[in-house]
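Atoms within a ligand are numbered from 1 in the order they appear, just like the ligands themselves.
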Amino acid sequence: MSISYIDEIKNLQGKKIFVRVDFNVPLDDNQNITDDTRIRAVLPTINHALDGNAKVIIASHLGRPKGERNIKYSMAPAAKRLSRLLDKDVTLAPDCIGNEVTTILDGMKPGDIVMLENLRFHPGEEKNDPDFAKALAEHSDIYVNDAFAVSHRAHASVEAITRFVPIAVAGFLMKNEMNYFEKSMKNPIRPLVAILGGAKVSGKIELVENLINKVDKIIVGGGMAFTFLKALGFNVGKSLVEEQLVETALKAYNMAREKGIKFYLPVDCVAADQFNPTAETKVTTIQEIPQDWMALDIGPATLTLFTEAIQNAKTIIWNGPMGVFEMDAFSRGTFAMVSAVANSYALTIVGGGDTDVAIHRAGEFAKISYISTGGGAFLELLEGKILPGIKVLEDKSNNLP
Ligand code: AMP
């Protein structure tokens with residue numbers, strides 16, 4: 001089943017459109033937005049609704065106010081930035097439900113835009129409370145989900161709300177995410193290569209297991225590689241190993257090999273005598289990591305191996321850094337991998353907060369086909385899960401006027 005999108009609705013004129021966005025932007029101590037990518041990402045949807053002369057209601061969460069009103073997490077900075085980006089007034093409502101909000105929404109004219117205050121000021125949001133969802137939906141003719149990054153959460157403004165609106169569709173950001181997911185996992189041009197990194201195997205084992213059924217090659221770097229290397233009998237010193245997952249890792253590795261999937265692990269590393277930016281470091285093969293040292297980055301031979309392994313790739317999916325890239329001494333592997341992926345001749349899809357940060361720091365984002373806006377949501381899609389926020393849109397997809 002598929003979902004419908006906002007551009008499939010013929011007439012938006014004068015309609016109240018409730019757009020769930022993810023404006024959970026980073027703020028500095030003075031409440032200044034330090035990165036407005038998430039706001040820019042939904043401009044196509046908002047502009048489309050404004051072009052259609054709709055009344056646009058924007059709803060989001062910001063931070064973790066935990067169900068209580070807390071001005072520190074007000075949507076005010078996001079409203080201000082959106083206003084600047086659209087070059088248009090954006091009214092910030094004092095809340096997201098209630099009489100005052102009703103008055104403001106009732107007074108909207110076509111082409112107006114109102115941003116509701118933080119959804120998570122109410123405990124009903126994270127509890128997927130139907131009464132709260134109903135109150136949110138009360139004034140909307142059309143619901144649009146353009147918040148891919150929260151679509152793996154059954155929250156009121158993502159899931160329950162769709163039961164109380166006549167029409168529920170997705171926005172253009174969501175469309176992009178779905179298109180690239182389709183191109184990478186459902187109908188990929190092969191060879192399809194998955195690159196996985198990051199700290200731990202736990203939380204990613206389902207991902208590995210699902211990918212084994214889909215990809216042609218799997219490349220594992222970062223801390224998570226060491227549980228696999230331990231499983232294969234290597235002595236990896238004090239590197240990050242999740243003992244309780246060694247057996248699971250071995251099973252996954254063997255399953256991949258039985259299916260004829262190429263499984264690449266590091267052959268060398270940058271080892272350190274402590275987890276510290278000023279640690280003593282050396283490049284060693286995996287077989288020679290000193291007993292009380294730890295591997296914090298992939299080494300040069302691994303980089304050559306991984307780079308060669310992606311040469312014939314037509315599609316690459318990547319999640320997770322190759323090392324502790326936050327510390328300069330252990331960032332080289334991740335940045336070099338960014339460059340290898342960016343310069344490959346493949347369709348490249350990257351997701352997960354850290355990988356995204358590394359790509360931006362390396363200045364290579366323009367050369368990546370698509371950087372997903374959803375960390376957890378992206379991973380759950382790759383794990384083969386059905387996201388609650390997408391499922392409800394599928395259920396409503398036949399209801400278009
Ligand atoms: P994740 O959230 O699982 O994607 O993990 C990202 C984190 O993994 C980053 O903060 C990295 O510093 C960390 N990481 C990557 N490689 C290693 C490693 N070899 N040892 C310890 N931590 C690592």
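Scanning for side chain to side chain contact (heavy atoms under 4.5 Å, CB included) contacts around Ser74 gives Ile71, Ala76, Leu92, Glu117, with sequence neighbours left out. With sequence neighbours excluded, the residues that form a salt bridge (Lys or Arg N to Asp or Glu O under 4.0 Å) with Arg38 are Asp22.
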List of N/O pairs, ligand 1 versus protein, all under 3.5 Å?
{"from": "ligand 1", "atom 1": "3 (O)", "to": "Ala199", "atom 2": "N", "distance (Å)": "3.3"}
{"from": "ligand 1", "atom 1": "3 (O)", "to": "Lys204", "atom 2": "NZ", "distance (Å)": "3.4"}
{"from": "ligand 1", "atom 1": "4 (O)", "to": "Lys204", "atom 2": "NZ", "distance (Å)": "3.2"}
{"from": "ligand 1", "atom 1": "5 (O)", "to": "Ala199", "atom 2": "N", "distance (Å)": "2.9"}
{"from": "ligand 1", "atom 1": "8 (O)", "to": "Ala199", "atom 2": "N", "distance (Å)": "2.9"}
{"from": "ligand 1", "atom 1": "10 (O)", "to": "Glu326", "atom 2": "OE2", "distance (Å)": "2.4"}
{"from": "ligand 1", "atom 1": "12 (O)", "to": "Glu326", "atom 2": "OE1", "distance (Å)": "2.7"}
{"from": "ligand 1", "atom 1": "12 (O)", "to": "Glu326", "atom 2": "OE2", "distance (Å)": "3.3"}
{"from": "ligand 1", "atom 1": "16 (N)", "to": "Gly223", "atom 2": "N", "distance (Å)": "3.1"}
{"from": "ligand 1", "atom 1": "19 (N)", "to": "Gly223", "atom 2": "N", "distance (Å)": "3.4"}
{"from": "ligand 1", "atom 1": "19 (N)", "to": "Ala295", "atom 2": "O", "distance (Å)": "3.1"}

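Annotation for Phe226 and Leu240: closest pair CB-O, 3.2 Å, computed over non-hydrogen atoms.
In this pair, Phe325 and Phe335 present their aromatic rings perpendicular. The plane angle is above 60°, beyond the 30 to 60° band. Relative orientation of the Tyr370 and Tyr180 rings is parallel, given thresholds of 30° and 60° on the angle between their planes.
Residues in residues 57-76 take part in no salt bridge (charged side-chain N to carboxylate O under 4.0 Å, His left out) pair, two or more places apart or across chains.
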